Amino acid sequence: MNSAILDATVHVTDLDAATIAKIRGVLAEHTFARVTGLFDPEAIQAARERIRAKFSSGNDRKHDPRDADALLRNFQKLVVGGTQGVNSVPRFVRMFYNPLMDEDIFGMHDTFRNLVRFRNLLYGLQADFTLSGIEQDMWSATRIQHYPRGGGFMAPHSDVGTATVSRDAGLAGYVQVILIMSRKGVDFQTGGAYIDVIGGERLFFESYCNLGDVVIYDGRVNHGVEDIDALEPLDMSSLDGRLVAMATLFKHFKTRSNEEYQSLMK
Ligand SMILES: [Fe+2]
């Protein structure tokens with residue numbers, strides 16, 4: 001086991017104030033943390049297989065970022081590019097936006113609710129903030145990210161844009177919370193997510209993670225995803241590759257109450 005990972009690992013049995021404080025402390029010292037014990041690996045494996053069984057590459061869509069409302073519903077977003085534009089990052093990734101306000105098509109909502117509660121506690125917010133939709137013009141972008149075998153990647157960057165959302169909301173700091181849903185050596189063989197830890201080491205943390213681990217990092221961290229199984233054939237109808245779940249706090253740029261949004265969906 002890598003010593004940087006070991007030093008930054010917190011095993012959790014209860015999300016009490018002392019545990020949250022401990023995780024915050026690890027984050028402050030190391031810029032990242034690995035949290036074990038929050039999610040059952042078998043449940044995560046089952047979720048992955050449900051997504052595999054239910055998704056169709058025929059639903060892949062390009063998303064015009066000016067259409068902010070599209071992501072408030074289930075939306076299978078394919079990103080190939082990102083070389084220009086504000087806060088853009090070159091990448092090849094498929095994202096299953098699966099917001100809590102829309103239908104639970106993958107049986108992921110319970111998992112997402114737990115991830116949102118955990119993120120909220122880290123931010124010092126009420127545990128249920130945004131669980132039922134848009135609150136204070138913010139919502140939880142609960143989504144599954146799929147970096148396909150045969151070339152999925154994301155160029156190195158730090159999370160300037162989303163960190164700005166946190167700062168504007170008056171939150172203390174910024175955290176990205178990533179639920180691990182695939183294993184290096186099993187679901188993909190080469191590449192994977194990394195963070196550049198203090199001291200300059202590029203840490204491919206998935207080599208040391210299990211299904212259901214949560215990796216957290218703050219806005220300072222340079223991170224990316226190195227090409228997933230780059231020399232393997234690309235098959236967009238397959239869910240092979242790297243899979244993670246996220247629950248980022250997003251700003252909703254059009255002011256619209258949750259009730260108004262719900263009525264729009266009827
Ligand atoms: Fe990022």
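The shown structure was predicted, so the numbers you read here are calculated from the model rather than taken from an experiment. Indexing begins at 1, ligand by ligand and atom by atom, following the structure's order. Hydrogens, waters and symmetry mates play no part in the numbers below; they use all other heavy atoms, side chains included.
For the pair Arg202 and Tyr194, the cation sits on the ring face: its NZ or CZ lies under 6.0 Å from the ring centre, inside 45° of the axis.
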**Asked** Between Ser158 and Val221, does a side chain to side chain contact (heavy atoms under 4.5 Å, CB included) hold up when you go through it step by step?
**Response** CA-CA 6 Å; Ser158 57; Val221 174; over 6 Å; no
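When each of Arg66, Lys62, Arg61 is paired with Asp64, the side chain to side chain donor-acceptor pair (under 3.5 Å) condition holds for Arg66 and for no other.
There is no side-chain donor-acceptor pair under 3.5 Å between Arg242 and Ser182. For the residue pair Asp16 and Thr19, a side-chain donor N or O sits within less than 3.5 Å of a side-chain acceptor on the partner.
Interatomic distance, Leu249 CG to Glu135 CD, rounded to the nearest 0.5 Å: 10.0 Å.
Inspection of the environment of the Fe ion (ligand 1) yields the following protein N, O or S atoms under 2.8 Å: His157 NE2, Asp159 OD1, His223 NE2.
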